[in-house]
Amino acid sequence: MTTTAISYSTAIPPHRIEVGASWVVSEKLPFTLSWYTILFGAADRNDKGERAYASYFEVAYPFTVKTVDMKAGVGMVPWNAATTYNCGDRDFYVQNVFLNAGKTWDIKGADGMKIGIFTNLIWNPALDDVNFVGGFSFRM
């Protein structure tokens, strides 16, 4: 599956066009492999000022603990994209290691509507940074 999305960042110019693809290995081995590359826009440059075609590769594995849906994974930047990912003149490096958890419930009497809660614990070893994100979701 290939998708094109417009993303926003704080870099100047703030707009970029990025293409991404994800593939689930199989139902029995549900590893997801994803690749995203910036086609143009943003501050897509390496440390020499050349176009970087900044890319990001991720391996993730979904699983369930009791009734909580979880996903663990690791994301990497395969080559120098200094201004895009703000990590200097490095080539390959690990951008993030994550653990996500979420639970969704059907809303009784509202056909197909769901409400959920989620949390994400994200460690970025390249920037020596840890983030915890939580929230609610509503699906119609």
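Just so we're clear, the structure is a prediction, and the values are computed from it rather than from any experiment.
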- Between atom NZ of Lys114 and atom CE of Met140, what is the distance when rounded to the nearest 0.5 Å? 14.0 Å
- Examine distances only and state if a side-chain atom of Thr64 and a backbone atom of Thr67 form a donor-acceptor pair shorter than 3.5 Å. no
- Task: Using the rule that two of Ile, Leu, Val, Met, Phe, Trp, Tyr join whenever any of their side-chain heavy atoms come within less than 4.5 Å, decide whether Val65 and Phe118 are in one cluster.
- Result: no
- Are Phe63 and Leu121 joined in one hydrophobic group, where the rule is that I, L, V, M, F, W and Y side chains link up if heavy atoms are under 4.5 Å apart? yes
- Under 4.5 Å between side-chain heavy atoms, hopping through other hydrophobics if needed: is there a path connecting Val74 to Phe92? yes
- Item | Donor-acceptor contact below 3.5 Å, side chain Asn96 vs main chain Asn124 | no
- Derivation and outcome, side chain to side chain contact (heavy atoms under 4.5 Å, CB included), residues Val19 and Tyr36: CA-CA 6 Å; Val19 64; Tyr36 302 92; over 6 Å; no
- Query: Does the Thr104 side chain pair with the main chain of Gly102, one donor and one acceptor, at a distance under 3.5 Å?
  - Reply: no
- Would Tyr56 and Glu18 count as a side chain to side chain contact (heavy atoms under 4.5 Å, CB included) if you check the C-alpha gap in whole Å, the side-chain angles of each, and the deciding distance to 0.1 Å? CA-CA 11 Å; Tyr56 171 82; Glu18 182 175 18; 5.7 Å; no
- Query: Atom NZ in Lys103, atom CD1 in Ile117: separation rounded to 0.5 Å?
  - Reply: 11.5 Å
- Please examine the side chains of Trp123 and Pro125, heavy atoms only from C-beta on, and report whether any two atoms are closer than 4.5 Å. yes
- Hey, what do you get for CH2 (Trp105) to CD1 (Ile107), rounding to the nearest 0.5 Å? 11.0 Å
- Message: When you group the ILVMFWY residues by side-chain heavy-atom contacts below 4.5 Å and let the links chain together, are Ile115 and Val68 in the same group?
- Response: no
- Using a cut-off of 6.0 Å, state whether more than 12 heavy atoms not belonging to Phe136 lie near its atom CZ. no
- Rounded distance [0.5 Å steps], CG in Leu33 versus CH2 in Trp23: 6.0 Å
- Item | Pairwise side-chain contact, Tyr93 with Pro78, heavy-atom cut-off 4.5 Å (strictly under) | no
- Message: Measuring from atom CG of Asn120 to atom NZ of Lys71, what distance do you get when rounded to the nearest 0.5 angstrom?
- Response: 9.0 Å
- Message: With a 6.0 Å cut-off (strictly less than), is the heavy-atom count around CG of Asp128, excluding the residue itself, greater than 12?
- Response: no
- When hydrophobic residues are tied together by side-chain contacts of less than 4.5 Å, even through go-betweens, does Met76 share a cluster with Phe31? yes
- Do Ser34 and Phe57 come within less than 4.5 Å of each other through their side chains, counting heavy atoms only? no
- Message: Could you check whether atom CH2 of Trp35 has more than 12 heavy atoms from other residues, nucleotides or ligands sitting under 6.0 Å from it?
- Response: yes
- Query: How many angstroms lie between atom CG of Leu99 and atom CE of Met70, to the nearest 0.5 angstrom?
  - Reply: 4.0 Å
